[in-house]
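What you are looking at is a predicted structure, and each value in this text was computed from that prediction instead of being measured. Convention: sequence-line order gives letters A, B, ...; per-chain numbering from 1.
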There are 2 protein chains.
Amino acid sequence: MEEHRHVTIYDIAKRLNLATSTISRALKDHHTISDKTIKKVKKTAEEMGFVPNTLAAGLRGNKSKTIGVLIPTITQPFLSSLISGIEITARKSDYSVIIMQSHDSYEEEVNMTKSLYSSRVSGVICSLAMETKDTSHFQQFSNNNIPLVFVDRVPKDFNTFRVVIDNYTAGYKATKHLIEQGCKRIAHMTAGAEFGNLYNERKRGYIDALADYGLPLREELIINLKAMTYDAGVKACNKLFGLKSPPDGLFAPGDILAVSAVQTAKKKGIKVPQDFAVIGFNNDPISEIIEPNITTITHPAEKMGKAAANIVIDTIEFHKEEEAKEITFLNTEVLVRESSKKV
Amino acid sequence: MEEHRHVTIYDIAKRLNLATSTISRALKDHHTISDKTIKKVKKTAEEMGFVPNTLAAGLRGNKSKTIGVLIPTITQPFLSSLISGIEITARKSDYSVIIMQSHDSYEEEVNMTKSLYSSRVSGVICSLAMETKDTSHFQQFSNNNIPLVFVDRVPKDFNTFRVVIDNYTAGYKATKHLIEQGCKRIAHMTAGAEFGNLYNERKRGYIDALADYGLPLREELIINLKAMTYDAGVKACNKLFGLKSPPDGLFAPGDILAVSAVQTAKKKGIKVPQDFAVIGFNNDPISEIIEPNITTITHPAEKMGKAAANIVIDTIEFHKEEEAKEITFLNTEVLVRESSKKV
DNA sequence: TTTCTTTACACAATCGGTTGCAATTTATTT
DNA sequence: AAATAAATTGCAACCGATTGTGTAAAGAAA
């Protein structure tokens with residue numbers, strides 16, 4: 001298998017006896033090039049198997065038509081859908097997508113921002129690592145006019161674009177739904193505590209809903225988890241069911257936790273939803289397959305990805321740098337299924 | 001927010017009164033540069049906030065330290081784990097990962113190979129689109145010495161690296177397991193028909209296992225699906241259960257199908273595994289959460305990703321182009337859980 | 001016919017590292 | 001001390017597309 005050299009615009013220029021500048025312009029339908037020449041150039045390029053070298057173009061223009069995506073992990077339904085949305089939108093405008101997983105490590109995240117900057121990505125979309133408190137490693141993007149969009153897990157104090165759902169309202173709606181189903185003692189799982197934290201916002205919604213509907217807030221019904229895993233959920237449920245007056249409902253801020261709750265309840269002979277109504281969060285695939293299937297809060301992952309990618313691309317293409325760095329709120333809804341349907 | 005210019009090796013060179021070549025070499029510990037100079041250069045680079053421009057390096061060297069990953073979709077547990085494995089391994093060697101989703105479209109796949117080639121990716125890892133028959137669009141990589149690795153869904157007639165599991169053996173083992181559990185009428189779902197097709201291989205294993213254990217092959221128990229979805233599975237199951245002599249076991253070549261079967265059976269009052277034993281494929285997260293949890297064939301997604309990435313990187317770094325383009329077989333196992341445990 | 005516009009294309013610098021080779025300095029040998 | 005070897009660093013071309021500026025040719029206006 002012989003080694004071909006890449007065909008360049010120089011090769012085309014030589015063949016047609018034209019300047020490389022003419023080739024370059026002809027290939028992108030520049031108005032100063034005659035139709036005749038354009039046609040000729042394109043035909044020859046095709047024949048010679050010319051494929052533009054985006055590295056060269058990127059170097060010259062100091063941009064790469066690449067969007068860097070930095071997220072905790074991709075093996076999570078919400079995040080893989082998010083990426084999918086980003087990728088679909090990016091491709092439409094001929095952008096590539098580079099992904100990196102921080103695995104929720106601050107240190108990794110810092111390194112990866114360097115790496116992305118080094119690749120001269122045109123824009124960055126990020127969902128923060130759990131560990132991350134300080135976000136100054138993202139400053140390099142803002143400082144260099146590289147659009148930066150945070151999605152879902154966003155910092156509280158960084159002046160840039162954000163694409164999120166209204167976690168407070170979602171938490172409120174979820175809790176309200178359980179109350180409307182007749183629940184009196186609603187448990188809640190949460191994580192972290194910092195103000196602005198996504199789980200904390202959901203918790204605030206939970207607390208306010210209880211208050212608005214005249215239900216007492218019972219600290220023993222709120223469990224703080226270190227990890228949002230199935231096993232952590234089981235453990236938490238066992239604790240809840242061991243209470244002298246156990247809960248009759250649960251707002252879990254993740255479907256995996258809701259699943260663990262439903263299954264733990266079933267094993268204990270506690271009937272779902274009659275004795276214990278459960279609402280999850282995210283609308284992960286599993287939530288509609290498990291039995292009983294799980295009432296959940298929709299979390300428009302793919303849409304959020306598309307929105308984020310559009311912001312990046314529009315900012316680049318239409319030079320919107322001057323505009324305010326706004327927050328985009330996407331809508332969420334209560335998706336009622338069996339696990340909570342008491343009435 | 002003022003616009004900074006990127007710091008380059010020229011800036012460092014000027015500051016230290018050295019040549020750019022010296023800076024370039026010092027930064028990568030070239031042996032012809034003295035330790036003193038190396039230290040000085042690195043320190044200054046750090047101070048000045050130098051970040052190398054990988055585009056420039058890539059242009060010069062005609063490679064980008066980037067691996068292109070072309071897969072049907074990323075929102076599928078197996079594939080997102082695959083990517084995760086690729087990304088983890090790539091990063092260790094300082095490679096970036098560009099992902100593209102063909103959505104099982106041949107046309108998209110062709111476009112994306114062009115796009116990847118255009119980005120001068122250092123290597124390509126691909127799982128073919130369902131639609132793809134002709135793979136000549138991958139020739140451009142082979143022709144230009146860009147390592148190409150097919151994973152899982154691989155072409156039968158392309159001389160390049162492949163990372164797969166032995167689908168025939170896996171199908172055989174799955175079927176054998178059901179036979180050992182006492183199943184006599186084992187159904188099977190499949191898709192496609194071409195020789196070498198992954199599902200066809202599993203089916204061959206199924207057929208041979210039946211033969212080896214003296215069970216008759218009944219055509220009515222083999223269902224050919226167009227899509228491997230939950231709904232298609234339900235439909236197929238209803239058909240199976242409607243037979244005058246319905247199956248007492250099912251080998252489903254995907255966990256989603258297995259889940260659909262288990263749930264459809266339960267709804268019909270058919271006891272799993274007593275009356276109907278089920279084995280799935282992939283060991284998707286859902287298989288161990290659903291009740292009864294599902295016996296499955298492990299499919300080492302992340303490992304396959306790591307293996308593929310290692311092949312790409314080793315081929316590049318150690319110039320292994322001359323070596324035989326071998327097939328890497330990863331191991332699979334029967335993971336026995338409740339859905340099949342009759343004995 | 002001459003001058004002013006357009007139209008169409010060419011020249012050459014540029015982006016920022018990389019690398020072969022030449023040149024200079026320093027160390028070692030005779 | 002002279003000569004040779006070894007260690008450092010500099011010079012300049014190079015990768016390939018882009019783009020501001022200049023120029024020649026063709027058409028329009030005077």
*Asks:* Nearest whole Å is fine: how far is dG17(C) P from Lys65(B) NZ?
*Replies:* 16 Å
*Asks:* Both Thr8(A) and Ile33(B) contact DNA chain D. Taking the nearest nucleotide for each, which residue is further toward the 5' end?
*Replies:* Ile33(B)
*Asks:* Could you tell me whether Glu107(B) atom CD has more than 12 heavy atoms of other residues or ligands within 6.0 Å of it?
*Replies:* no
*Asks:* Take atom CG of Leu55(B) and atom C1' of dT18(C), then tell me their distance rounded to the nearest Å.
*Replies:*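 From Leu55(B) CG to dT18(C) C1': 15 Å.
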*Asks:* What's Asn62(B) touching, base or sugar-phosphate or nothing? Going by heavy atoms closer than 4.0 Å.
*Replies:*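 The answer is nothing, as Asn62(B) stays clear of every strand by at least 4.0 Å.
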*Asks:* Please state whether the phosphate of dT18(D), meaning OP1 or OP2, lies under 4.0 angstrom from any side-chain nitrogen or oxygen of Lys28(A).
*Replies:* yes
*Asks:* What is the distance, rounded to the nearest whole Å, between atom CG of Leu16(A) and atom P of dA8(C)?
*Replies:* 17 Å
*Asks:* Roughly, in whole Å, what's the span from NZ in Lys39(A) to C1' in dA8(C)?
*Replies:*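 In whole Å, dA8(C) C1' and Lys39(A) NZ are 16 Å from each other.
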*Asks:* Take atom CZ of Arg60(A) and atom P of dG20(D), then tell me their distance rounded to the nearest Å.
*Replies:* 8 Å
*Asks:* Side-chain N or O of Thr37(A) less than 4.0 angstrom from OP1 or OP2 on dC9(C)?
*Replies:* yes
*Asks:* Distance check needed: dT18(C) C1' versus His30(B) NE2, whole Å only.
*Replies:* 10 Å
*Asks:* Give a yes/no on whether any side-chain N or O of Thr20(A) is located under 4.0 angstrom from OP1 or OP2 of dA10(C).
*Replies:*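 So the side-chain polar atoms of Thr20(A) never come under 4.0 Å of the phosphate oxygens OP1 or OP2 of dA10(C).
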*Asks:* Could you state the atom-to-atom distance from CD1 of Ile23(B) to C1' of dG16(C) in whole Å?
*Replies:*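 My rounded result for the distance is 13 Å.
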*Asks:* Within this structure, what is the CG-to-C1' distance between Asn53(A) and dC15(D), rounded to whole angstrom?
*Replies:* 8 Å
*Asks:* Give a yes or no on whether Lys40(A) atom NZ has more than 12 heavy-atom contacts from other residues, nucleotides or ligands under 6.0 Å away.
*Replies:* yes
*Asks:* Return the 5'-most residue of the pair Leu59(A), Lys63(A) with respect to DNA chain D, ranking by each residue's nearest nucleotide.
*Replies:* Leu59(A)
*Asks:* Check the pair His103(B), Ser105(B) against side-chain hydrogen bond (donor to acceptor under 3.5 Å, both in side chains), reporting the backbone distance first and the verdict last.
*Replies:* CA-CA 5 Å; His103(B) 293 290; Ser105(B) 148; over 6 Å; no
*Asks:* Taking the six-membered ring for Trp, are Tyr117(A) and His6(B) closer than 6.0 Å centroid to centroid?
*Replies:*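 Yes; His6(B) has its ring centre under 6.0 Å from that of Tyr117(A).
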*Asks:* Please confirm whether any donor atom in the side chain of Arg25(A) sits under 3.5 Å from an acceptor in the base of dG20(D), or the reverse.
*Replies:*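 Such a pair exists between side chain and base.
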*Asks:* Whether Glu47(B) and Lys43(B) form a salt bridge (side-chain N of Lys/Arg under 4.0 Å from carboxylate O of Asp/Glu) is what I want to check.
*Replies:*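 Salt bridge flag = yes for Glu47(B) with Lys43(B).
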*Asks:* Within the structure shown, what part of the strands sits under 4.0 Å from Leu18(B) by heavy-atom distance: base, sugar-phosphate, or nothing?
*Replies:*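 The answer is sugar-phosphate, as Leu18(B) gets under 4.0 Å only of primed atoms, P, OP1 or OP2.
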*Asks:* Check whether any side-chain nitrogen or oxygen of Ser21(A) sits under 4.0 Å from OP1 or OP2 of dT19(D), and answer yes or no.
*Replies:*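 No, Ser21(A) has no side-chain N/O under 4.0 Å of OP1/OP2 on dT19(D).
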*Asks:* Any side-chain N or O of Lys36(A) below 4.0 angstrom from OP1/OP2 of dA8(C)?
*Replies:* no
*Asks:* How is Asn17(B) classified with respect to the nucleic acid when contacts are heavy atoms under 4.0 Å: base, sugar-phosphate, or nothing?
*Replies:*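 The residue Asn17(B) makes sugar-phosphate contact but no base contact.
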*Asks:* With a 4.0 Å cut-off on heavy atoms, is Ser34(A) in touch with a base, just the backbone sugar-phosphate, or nothing at all?
*Replies:*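 Ser34(A): backbone/sugar contact only, no base atoms under 4.0 Å.
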